[in-house]
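Here the structure comes first, spelled out in structure tokens, and everything after it is commentary.
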Amino acid sequence: MINVVWFKRDLRITDHAPLMQACATGPVLPLYLYEPSLIAQPDVSAQHVAFINQCLTTLRADLNTLGLALLTRVGEALAVLADIHHRVGTFTLWSFEETGNGATYQRDKRVLAWCRANGVAWHESPSGAVVRRLKDRDRWSGIWMQRMRNEPLDAPTVAVQANVQIDSHGIVATAHLPVSGCDKPLRQRGGRTVALADLHSFFNVRGQHYRIAMSSPLSAADACSRISAHLAYGSLSVREVVHAVWQQRALLQGQPPDCVEPGWLASLKSFESRLHWHCHFIQKLESDPSIEFSNMHRAYAGLREDNYNAALQTAWRNGETGLPMIDACMRMLTATGWINFRMRAMLVSFSSYHLWQHWREPALHLAREFLDYEPGIHYPQVQMQSGTTGINTVRMYNPIKQARDQDPTGAFVRRWIPVLGRVPTDFIFEPWLMPDNLQREYGCVLGRDYPLPVIDVIAAAEHARSTMWVTRKGNSFRKEAQAIFETHGSRNPAREGIKVRKTRSVRETREAETSARQTSLFD
DNA sequence: AGTGCAGTTGACTTT
DNA sequence: TAAAGTCAACTGCAC
């Protein structure tokens with residue numbers, strides 16, 4: 001009986017339990033599916049498929065070194081599996097558990113039903129630290145460490161190719177698939193070789209000032225690890241990266257403290273905590289797939305859904321809101337497929353609060369624009385930055401303040417909005433404040449060369465803030481927020497908006513203790 | 001040298 | 001991973 005190893009978003013041969021187990025069991029057929037109904041989903045764009053194709057190129061080469069040939073097929077999972085079944089009879093199916101979008105979830109349910117009906121055993125291995133059918137969030141943090149502690153698996157050393165007479169479709173160009181959009185020439189390259197090079201340069205060169213430099217879009221593209229897309233498609237496993245962090249930290253701690261360049265240890269610590277958060281967020285969508293579609297806290301149902309404004313959404317998507325920092329970030333994202341975390345939060349916050357748009361359509365747009373789109377991180381994050389989780393405080397970003405903080409000279413804005421190139425720094429983040437004669441002098445007439453702001457930042461923020469807090473003050477708000485916290489909340493007291501005070505008075509301490517559960521939710 | 005005061009800073013609270 | 005407001009302590013300076 002042959003062993004079909006179904007590669008999904010785990011495009012590597014190291015630290016790959018399904019491949020390892022299949023190789024130890026019998027002849028192996030490595031399979032990758034281009035599933036038209038999934039590729040046509042509104043969260044998929046051409047850059048994703050092009051990146052996957054680069055991953056598949058190195059995966060195919062790596063499998064070849066084991067004596068295995070990658071079979072790819074364009075077709076729906078059920079049809080392809082049935083075809084294989086028809087040719088070879090029953091087989092064993094091996095894969096990772098996937099925490100994907102609603103469409104892959106439904107697909108997996110159909111595959112499971114088909115497997116049961118056809119006597120095919122489907123062995124799924126856990127991905128990262130994500131726990132399927134998690135009962136108790138309190139124990140999750142320990143599970144992360146448990147999962148990460150073991151050494152990443154080496155690639156299999158012995159493998160036997162299964163002999164199946166099916167033609168491979170090879171690497172399929174995006175033009176032949178029902179995918180939206182175009183590839184981005186400036187996006188990151190994919191594949192294991194690039195992934196390892198990115199990891200190496202981060203730990204040895206780029207990551208020294210990660211903790212500080214991650215906030216500004218000027219420095220983040222270089223100072224961040226840039227492994228997010230490699231993790232999303234599995235050319236690196238989270239555990240491999242965690243072990244690389246630990247190894248690097250041990251190396252630095254083995255040196256005399258004054259020989260370690262400043263910044264490295266704080267940066268590694270900060271990076272490791274984000275690897276923890278990576279799985280923490282995916283766990284939320286795994287535990288509750290409805291997060292992709294509807295507000296986590298029901299008190300927000302109907303708040304913005306009917307306020308859809310096509311003109312505002314188009315302006316936001318095209319980087320034409322008239323707010324230079326918003327537009328520059330969106331234009332960088334559109335061109336490169338990447339923007340740093342703080343600016344992603346700002347883009348979502350601006351759409352949800354200042355433009356008062358429901359998060360669902362903007363989330364789909366960003367899913368297509370983020371090369372590193374990972375559903376389990378994306379939807380919980382979008383909801384958090386839109387204020388609909390109920391367990392996080394309202395975090396409304398002021399695009400002018402963020403501009404001053406993260407781009408003090410205006411260099412970032414000028415790079416992505418050339419028409420603002422000659423505008424002096426005093427006006428660069430609020431060009432509408434320029435008198436007419438200066439607008440003409442600097443070659444940037446508002447309404448002609450660059451849009452007037454689509455909303456008044458102060459008034460829009462005021463409206464959003466008051467509406468959000470009125471909703472939060474509703475009678476049953478806390479009760480449901482408590483329930484959401486039980487299922488999804490972080491148990492780390494320093495995280496998810498829960499502040500740990502350094503000092504407090506006797507009275508404050510007593511109050512805090514008597515209402516600890518409530519304050520931990522709403523601080 | 002001490003006092004009054006405007007302006008600044010930082011910790012903490014509220015929205 | 002927010003921003004704005006409050007308040008008290010502190011600072012620099014004129015007198």
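Since we're looking at a predicted model, the values are computed, not measured.
Crowding of A/R298 atom CZ: a count of heavy atoms from other residues, nucleotides or ligands under 6.0 Å not exceeding 12.
Of the residues in residues 399-407 of chain A, A/K401, A/Q402 come within less than 4.0 Å of DNA chain C through at least one heavy atom, sorted by number.
In this structure, CG of A/N392 is placed 12 Å from P of C/dA2, rounded to the nearest angstrom. One can place CD of A/E462 at 13 Å from C1' of B/dT14, the figure rounded to the nearest angstrom. Taking atom CD of A/Q385 as the reference point, atom C1' of C/dA3 lies 14 Å away to the nearest angstrom. Residue A/R395 contributes atom CZ, which lies 10 Å from atom P of C/dA3 at whole-angstrom precision. Put simply, CE on A/M468 is 17 Å from P on C/dA4, counting in whole angstrom units. Taking atom CE on A/M346 and atom C1' on C/dA2, their separation rounds to 13 Å, with Å as the unit. One can place CZ of A/R342 at 5 Å from P of C/dA2, the figure rounded to the nearest angstrom. Straight-line distance from the CE atom of A/M396 to the P atom of B/dT14: 18 Å, rounded to whole Å.
Side-chain contact annotation: A/T99 with A/E286, donor-acceptor N/O pair under 3.5 Å present. There is no side-chain donor-acceptor pair under 3.5 Å between A/W338 and A/Q188.
Of all heavy-atom pairs spanning A/R147 and A/G128, the tightest one is NH1-O, 2.8 Å.
Contact check, A/N398 against C/dA2: no side-chain N or O comes under 4.0 Å of OP1 or OP2.
A side chain to side chain contact (heavy atoms under 4.5 Å, CB included) with A/W359 is found for exactly one of A/L364, A/V382, A/V348, namely A/V382.
In the helix from B/dG2-C/dC15 to B/dT15-C/dA2, the end axes, each obtained as the rotation axis mapping the C1' atoms of four pairs onto the next four within a five-pair block, lie 0° apart to the nearest 10 degrees.
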Report the C-alpha separation of A/E374 and A/R9 in whole Å, then their side-chain angles, then the decisive distance to 0.1 Å, and conclude whether the salt bridge (Lys or Arg N to Asp or Glu O under 4.0 Å) test is met.
-> CA-CA 10 Å; A/E374 170 72 56; A/R9 293 195 292 130; 3.3 Å; yes
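For the pair A/R472 and A/W469, the cation-pi criterion (under 6.0 Å, within 45° of the ring axis) is fulfilled. Geometrically, A/R344 engages A/F370 in a cation-pi contact defined by less than 6.0 Å to the ring centre and at most 45° from the axis.
The aromatic rings of A/H230 and A/F51 sit tilted relative to each other, their planes meeting at an angle between 30° and 60°.
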